[in-house]
Amino acid sequence: MIRCFARTPLIGAPFISTVHFTSPPSIRIFASRSPSSSSSSSSSSSTVAASRRSIISLSIIAVTSSVVSSVCFTSPALAEFSEIPNSGGVKALDLRIGDGEVPIEGDQIEIHYYGRLAAKQGWRFDSTYDHKDSNGEAVPFTFVLGSSKVIPGIETAVRSMKVGGIRRVIIPPSQGYQNTSQEPLPPNFFDRQRLFTTIFNPTRLANGEGSTLGTLVFDIELVSTRRLHR
């Protein structure tokens, strides 16, 4: 659940919007109003206030919806995730179909990604678009398909993509991080620490929360694939 607070001096104006995540992924948004004041106002002031209340209410809902949908979930009314066959439960939603090659085992892959942690309400722990070279250009993440150096969910996702495609995937814990050396790793130490202390939290794992702690959401763009052995 995410609570968004909007400060406003208007009487009766909405001041809190609550967003619930449900399963299957969807969004519910609720707005409540602040307590009414005993003071009265003129009819013209009430009209202006009512108009401004409506604008603020719509703004809160629009902004909240935009943030939540960009974080990790898309309403099932608009699009549906489908489980990739033999993936161990990885679900995918193609945001853009590529028109290039499909990678094969042993290829050198370049991807851009946004990585988010579902247990932290969609906290973005890493993005290759933030990794810049000396010219200020975003540096893609590179790995060899089938090397087992990256989490299985990412390898599964790119195997059926075409170069140029963008895919959003929901990766269950069994296909995500199993240890702290698997890639991709956030370059920032504090981001890595927060990521792994959440996923491998011993107390919460003992309480049976392992099925949710390590769930990841990645937006993956397949930039290129190159045959290393021809």
For this session: Could you pull out the closest heavy-atom pair between S174 and G88, with the gap in Å?
Result: OG-O, 3.8 Å

Problem set entry | Minimum side-chain heavy-atom gap V223-V163 below 4.5 Å | no

Seminar exercise, completed: Rounded to the nearest 0.5 Å, the OG atom of S148 sits from the CD atom of E183 at a distance of 12.0 Å

Problem set entry | Approximate separation, where rounding is to 0.5 Å, of I170 CD1 and Q175 CD | 14.0 Å

Exercise. Side chains of V158 and I111: does their closest heavy-atom pair fall under 4.5 Å?
Worked result: yes

For this session: Please check if any side-chain donor atom of E221 sits under 3.5 Å from a side-chain acceptor atom of Y114, or the reverse.
Result: no

For this session: Enter the distance from T180:OG1 to I199:CD1 here, rounded to the nearest 0.5 Å.
Result: 10.5 Å

Exercise. Should E101 and M161 count as side-chain neighbours, where that means a heavy-atom distance under 4.5 Å?
Worked result: no

For this session: Flag the pair P140 / T128 as yes when at least one side-chain heavy-atom distance between them is below 4.5 Å, and no otherwise.
Result: no

Problem set entry | Cation-aromatic face contact R116/W123, 6.0 Å, 45 degrees | no

Exercise. How many angstroms lie between OG1 in T215 and NZ in K91, if you round to the nearest 0.5 Å?
Worked result: 9.5 Å

Exercise. Mind checking whether P184 and Y177 have side chains closer than 4.5 Å, heavy atoms only?
Worked result: yes

Exercise. Of all residues at least two apart in sequence or in a different chain, which pass the side-chain hydrogen bond (donor to acceptor under 3.5 Å, both in side chains) check with Y113?
Worked result: D126

Problem set entry | T142 side chain near Q108 side chain, heavy-atom distance below 4.5 Å | yes

Problem set entry | Side-chain donor or acceptor of D107 paired with backbone N/O of I109 under 3.5 Å | no

Problem set entry | Partners passing side-chain hydrogen bond (donor to acceptor under 3.5 Å, both in side chains) against R192 (at least two apart in sequence or in another chain) | none

Seminar exercise, completed: In short, T198 meets A119 closest at the heavy-atom pair CG2-CB, 4.2 Å

For this session: Evaluate the side-chain proximity of L213 to F200: yes if any heavy-atom separation is below 4.5 Å, no if none is.
Result: no

Problem set entry | Straight-line distance of I154 CD1 to L216 CG, nearest 0.5 Å | 8.0 Å

Problem set entry | Any donor-acceptor N/O pair, Q178 side chain to P173 backbone, under 3.5 Å | yes

Problem set entry | Salt-bridge contact R168-D94 (side-chain N to carboxylate O under 4.0 Å) | no

Exercise. If only atom types and distance count, is the side chain of N179 paired as donor or acceptor with the main-chain N or O of S181 below 3.5 Å?
Worked result: yes

Exercise. Any chance the side chains of T212 and R204 put a donor and an acceptor closer than 3.5 Å?
Worked result: no

Problem set entry | R124/D219 salt bridge by N-O under 4.0 Å criterion | no

Exercise. Would E110 and R226 pass as an ion pair if we require N to O under 4.0 Å?
Worked result: no

Seminar exercise, completed: Between P103 and L145, the two heavy atoms sitting closest are CB-CD2, 4.1 Å

Problem set entry | Side chain K149, main chain G146, donor-acceptor under 3.5 Å | no

Seminar exercise, completed: For G106 and V144 the tightest heavy-atom approach is O-CG1, 3.8 Å

Exercise. Do H112 and F141 have their ring centres less than 6.0 Å from each other?
Worked result: no

Problem set entry | Other residues, nucleotides, ligands: >12 heavy atoms within 6.0 Å of N207 CG | yes

For this session: Specify the closest pair of heavy atoms between P186 and D191, including all atoms of both residues, with the distance to one decimal.
Result: CB-CB, 3.9 Å

Problem set entry | Taking every non-hydrogen atom, the tightest pair across A92 and R167 | CB-CD, 3.7 Å

Exercise. Are F218 and I151 close enough, and set up right, to give a side chain to side chain contact (heavy atoms under 4.5 Å, CB included), and what steps lead you there?
Worked result: CA-CA 11 Å; F218 273 86; I151 57 176; 4.0 Å; yes

Problem set entry | Validation row: F190, L195 side chains within 4.5 angstrom (heavy atoms) | no

Seminar exercise, completed: Sorted by chain and residue number, the side-chain hydrogen bond (donor to acceptor under 3.5 Å, both in side chains) partners of E155 (sequence neighbours excluded) come out as none

